[in-house]
Novice: 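Okay, here's the structure, questions in a sec.
Below, each value reflects all heavy atoms present in this structure, side chains not excepted, and no hydrogens, waters or symmetry copies.
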Amino acid sequence: VTAWGTEAYINGLADSFSIGDCVTIESPLVSTKDPEKGDRFCPTTPSLYRLLVTETHSQVCLCADGDASDWLLPLLHLPVKDSRDFYSLGDVVANGQKLEGSVINILAALKQVGDVKQFVTSDGRRGQRLEVKLFDDSVSSFPLISWDREPIQLLQGLLPRETGRLESISDVYTVSQLKEKAKEHPQPFFGLTYSFISRLDLDSSVSKVIKTRCGRCRLLVTEDLQTCSNQLCPARDQPLSASTGFDLLVDFTDHTGTLQACSLRGPVAEQTLGCTIVPCARTKSGIRALVLGCLLADPGEVKQHMAQLLQGP
């Protein structure tokens, strides 16, 4: 979507919605993209067409249909670039000088989100910056700095180390092997373990078991708040839209030991308990484990893998 109009109109339009908002566009003009001109400074879309919004004939407003918003928001996480059109972090490190000034795509996982830093330029203009750490299978830590309000708001709503697809994980570990690997390799890794849940804490106080987060920036909030207290939340001026879920810790045990305080959350928790689970950062063992899948194991498969593990290398 491209908007045309006076400076006041464009600035007002830009301030009327944020990344992640659902909007209604009235009376736009449909046009075909011109491949000769390119879209270097426009958001990338796979469509061959674009919408032109004009000050005199068009209108953009927030969508008031809550059901439509619930259906559209998950699409925000779908990639709009070809899966082969990206650089690994190792490529960037190896070709940094050649890539200077280039606009590229990066596929990586989020390792850490820093704090927003406020600053004042020499000519008196106020600004802010946010640094996050990325990682992939080629580089363990890579800084990414954002200076713009919209990307900063988007990055603050992401949870670090939330990348992993269960169907692509094939490494099998015992509990003791998981502990040793976590000590030797502090970077996140994924694996399967054949074990049973030896502890599921449902007897804690309500405040320790159930937590509420802002639906936009995911900051922890209390139910009595009318708006989110995060000054950078995209919905800070709107009525609070929060989600409440369980914050549960489980222990997994096999014949080699027990892995304590694993966080069970998301779709896995919904399948296991029928609830939405919110992660907890504190652990007893010093190892932070996230459950990506929790299913009843096939007895024959368990016997086969356990026999291999007991035989050793």
Side-chain angles (χ1 to χ4, degrees), residues 14-15 17-21 40-44 73 76-81 85-164 182 185-190 211 213-221 228-237 263 265-266 278-283 286-290:
D15 292 336
F17 56 86
S18 302
I19 295 176
D21 287 336
R40 179 176 179 181
F41 300 105
C42 298
T44 301
L73 284 178
L76 184 66
H77 301 285
L78 294 179
V80 296
K81 282 283 190 177
D85 183 19
F86 66 86
Y87 282 80
S88 70
L89 297 180
D91 294 334
V92 178
V93 172
N95 302 281
Q97 293 183 344
K98 296 179 181 179
L99 294 175
E100 185 173 357
S102 302
V103 178
I104 64 173
N105 305 309
I106 295 176
L107 178 62
L110 187 63
K111 178 180 181 180
Q112 181 182 5
V113 179
D115 297 325
V116 177
K117 305 294 185 181
Q118 307 291 336
F119 63 88
V120 180
T121 62
S122 57
D123 57 358
R125 291 181 292 115
R126 295 184 176 274
Q128 55 188 358
R129 68 187 293 272
L130 174 67
E131 180 172 334
V132 301
K133 301 292 187 182
L134 306 176
F135 72 94
D136 62 10
D137 58 352
S138 61
V139 175
S140 61
S141 183
F142 189 90
L144 173 69
I145 300 176
S146 178
W147 303 89
D148 297 325
R149 177 175 61 90
E150 289 285 339
I152 287 177
Q153 292 176 348
L154 180 64
L155 289 169
Q156 282 192 307
L158 302 179
L159 290 179
R161 304 185 179 187
E162 285 249 315
T163 298
H185 305 280
Q187 303 304 324
F189 65 94
F190 304 99
K211 293 185 179 181
R213 292 180 180 269
C214 172
R216 293 300 305 277
C217 70
R218 308 183 81 169
L219 180 76
L220 285 174
V221 297
C228 181
S229 59
N230 181 7
Q231 295 299 315
L232 294 175
C233 178
R236 61 190 180 280
D237 297 326
S263 178
R265 63 176 186 257
V278 178
C280 178
R282 282 179 279 177
T283 66
I287 301 174
R288 186 173 186 268
L290 169 64

Novice: When you compare the side chain of I145 with that of L130, does any pair of heavy atoms fall below 4.5 Å?
Specialist: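 A side-chain contact under 4.5 Å is absent here.
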
Novice: Atom CG of D91 and atom CG of L99: how far apart are they, to the nearest 0.5 Å?
Specialist: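 The CG atom of L99 is 8.5 Å from CG of D91, to the nearest 0.5 Å.
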
Novice: Atom CD of Q112 and atom NZ of K133: how far apart are they, to the nearest 0.5 Å?
Specialist: 7.0 Å

Novice: Hey, could you give me the OH/CG distance between Y87 and N95, rounded to the nearest 0.5 Å?
Specialist: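 The distance works out to 7.0 Å.
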
Novice: Going by heavy atoms in the side chains, are R149 and D15 under 4.5 Å from each other?
Specialist: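 In short, these two side chains touch, coming nearer than 4.5 Å.
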
Novice: Between S146 and L155, what is the shortest heavy-atom contact and its length?
Specialist: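 Looking at all heavy atoms of both residues, the closest pair is CB-CD1, 4.0 Å.
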
Novice: Please report the closest heavy-atom contact between S140 and F135, naming both atoms and the distance.
Specialist: O-CB, 3.2 Å

Novice: When you compare the side chain of Q118 with that of R126, does any pair of heavy atoms fall below 4.5 Å?
Specialist: no

